[in-house]
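Reading through the structure tokens given below for one structure.
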Amino acid sequence: MWDRLLTDCHVMTMVPRDGDPLGLVRNAAIGIVGERIVRVGRRTELAGTQAREVVPLGGAWVTPGLVDCHTHLVFGGTRAAEHAMRRAGATYEEIARAGGGIASTVAATAAASVPELVAQGRQRLHALARGGVTTVEIKSGYGSDPSSELRLLNVIRTLARSEPMRVVPTLLALHALPKGADRAAFVEQMIEELLPTAARLGLAAGVDAFCETIAFTREETERLFEAADRLGLPVRLHAEQLSNQQGAALAARYRALSADHLEHLDEAGARAMAEAGTVAVLLPGAFYALQESRKPPVDLLREHRVGIAVATDCNPGTSPMLLPQLAMNMGCTLFGLTPEEAIAGMTINAARALGLAQEIGTIEAGKAADLATWRIAEPAELGYWIGLAPERRIYRGVDQ
């Protein structure tokens, strides 16, 4: 006997078939046992099935729970003043070099207590959940040394253990060089001290870096990736956001789960990503906030069949976004994604970007029963409405 049977619904399985990228099943039903999906099919096919609870959904659409695969959700303070600076014409680089940017958030985060960071992080998690997110990646990166980074990773662990959402912790080991720090010594400390400690304590599911002219070089990034590889930790990379540093190709060489931003990606980078199976994570919130004009080369990604994910990039400086539907809408309106690509970008491709495609991202037998139900007429509405809330959020088979 099944534990739950969801009926009277339409399902976006996200398992493409017969030219249908969303794998639609209309007039459907979904069987759940414990935390797992056991059957998806037409309602008539599952009629008469015995279940402890039958839940009619009144014609709603069901998707996999949304996956926000790139956030910097744990931080102190805000950077609202930088919004005014940008409106006055200051660039990302100018703000950073004036002591703003990431450095100001590092200071505000250090000044916040652990309970304050947990409470603020929980508030942001709940906002994403209200938008249908059931899995979220959270990066560290707002620490200035190993101890402060470990502090942030422990805050992320606290959130993961106290919330029903699936939380994926990422060690953003090379994010910003602290003001006045010795560059070589800082890189050495983060790679040789922080990384193995985080791995030993089980605080990170992956490793990330910011490879850019105002951040860290390809050589420094490669040293980090080599160390992560020795420890068995998968890597991701902030790549080609402000310039082309060939970061995407470097990430692909280490079989990175994803390369993120990618406004300045070239064909060699796209080809390398395709060969490695590295997902392109597009972050339209940062593009919008920074008033960039150069868009990620979506046609190039399509040509090389690189999987495209979309994320909020929730952070205090360049993407203060807590609406997953806005990220999907911006992916369509700013970057030219189709609604189907945007939906895949926050379900199956986002799951791939986290290395979790065997667990989440599609609605099929054996996957986790993390689902969202939507009162919409057609799937394209998910990339159309801004702030649309799901009717129901189901985590591991249970309504929350």
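Heavy-atom basis, side chains included; hydrogens, waters and symmetry copies ignored.
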Just do the side-chain contact (heavy atoms from CB on, under 4.5 Å) check on Leu233 and Leu195 with the steps written out, would you? CA-CA 10 Å; Leu233 289 172; Leu195 181 55; 4.0 Å; yes

Could you tell me how the ring of Phe335 sits relative to the ring of Phe287: parallel (under 30°), tilted (30 to 60°) or perpendicular (over 60°)? perpendicular

Ring-plane angle category for Tyr254 and Phe225, please: parallel below 30°, perpendicular beyond 60°, tilted otherwise.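 Ring orientation of Tyr254 relative to Phe225: perpendicular.
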
Do side-chain atoms of [X] reach the backbone of [Y] as a donor and acceptor pair under 3.5 angstrom?
X      : Y      : result
Asn329 : Ala327 : no
Arg375 : Gly58  : yes
Glu381 : Ala377 : yes
Lys139 : Leu171 : no
Asn349 : Ile308 : yes
Glu391 : Ala60  : no
Lys367 : Ala357 : yes
Glu188 : Ala185 : no
Arg36  : Gly366 : yes
Arg4   : Gly31  : no

Go through the steps to decide whether Thr278 and Leu257 satisfy the test side-chain contact (heavy atoms from CB on, under 4.5 Å), and finish with yes or no. CA-CA 5 Å; Thr278 298; Leu257 292 173; over 6 Å; no

For Leu172 and His238, what are the C-alpha separation, side-chain angles and deciding distance, and is it a side-chain contact (heavy atoms from CB on, under 4.5 Å)? CA-CA 10 Å; Leu172 181 47; His238 289 61; 4.2 Å; yes

Is any side-chain heavy atom of [X] closer than 4.5 Å to a side-chain heavy atom of [Y]?
X      : Y      : answer
Arg236 : Cys69  : yes
Arg166 : Arg396 : yes
Thr134 : Val67  : no
Val74  : Leu159 : yes
Met190 : Glu149 : yes
Asp370 : Pro64  : no
Leu388 : Ile376 : yes
Leu323 : Thr312 : no

Within a radius of less than 6.0 Å around [atom1] of [X], do more than 12 heavy atoms belonging to other residues, nucleotides or ligands occur?
X      : atom1 : answer
Arg42  : CZ    : no
Glu267 : CD    : yes
Tyr384 : OH    : no
Glu53  : CD    : yes

Verify whether one side chain among [X] and [Y] offers a donor that lies under 3.5 Å from an acceptor in the other.
X      : Y      : value
Ser162 : Arg122 : yes
His304 : Glu275 : no
Gln245 : His264 : no
Thr63  : Trp374 : yes

Taking [Y] as the starting point, is it possible to reach [X] by hopping between hydrophobic residues whose side chains are less than 4.5 Å apart?
X      : Y      : result
Leu150 : Val106 : yes
Ile343 : Met321 : yes
Leu354 : Leu203 : no
Leu371 : Met165 : no
Trp2   : Leu6   : no

[X] versus [Y], closest heavy-atom pair with distance:
X      : Y      : answer
Thr109 : Arg151 : O-NH1, 3.3 Å
Asp68  : Ala311 : OD1-CB, 3.3 Å
Gly131 : Gln325 : O-NE2, 2.5 Å
Ala368 : Ile360 : CB-CG2, 4.2 Å
Leu73  : Gly121 : CD2-O, 3.2 Å
His261 : Ala286 : CE1-CB, 4.0 Å

Nearest 0.5 Å, please: how far is [atom2] in [Y] from [atom1] in [X]?
X      : Y      : atom1 : atom2 : value
Ile30  : Cys9   : CD1   : SG    : 5.0 Å
Glu219 : Phe216 : CD    : CZ    : 13.5 Å
Leu224 : Cys211 : CG    : SG    : 10.5 Å
Thr13  : Leu22  : OG1   : CG    : 8.0 Å
Ile214 : Ser243 : CD1   : OG    : 9.0 Å
Glu341 : Met346 : CD    : CE    : 15.0 Å

Among Val310, Val133, Val136, find the one that has a side chain to side chain contact (heavy atoms under 4.5 Å, CB included) with Pro324. Val133

Take Leu46 and Arg39 through the test side-chain contact (heavy atoms from CB on, under 4.5 Å) and record every step on the way to the result. CA-CA 9 Å; Leu46 277 67; Arg39 180 80 186 275; 3.8 Å; yes

Residue pair Asp299, Arg302: steps toward the salt bridge (charged side-chain N to carboxylate O under 4.0 Å, His left out) verdict: CA-CA 5 Å; Asp299 285 340; Arg302 290 172 178 148; 2.9 Å; yes

Hey, mind stepping through Trp61 and Thr373 against side chain to side chain donor-acceptor pair (under 3.5 Å) and telling me if it holds? CA-CA 6 Å; Trp61 279 92; Thr373 72; over 6 Å; no

Give the C-alpha distance, both sets of side-chain angles, the deciding distance and a yes or no for side chain to side chain donor-acceptor pair (under 3.5 Å) between Asn154 and Arg157. CA-CA 5 Å; Asn154 275 299; Arg157 172 176 278 183; 4.6 Å; no

Are any of the side-chain nitrogens in Arg43 or Glu45 under 4.0 Å away from the carboxylate oxygens of its partner? no

Could you work out, with side-chain contact (heavy atoms from CB on, under 4.5 Å) as the rule, every residue matching Pro316, not counting sequence neighbours? Phe75, Arg79, Thr105, Tyr142

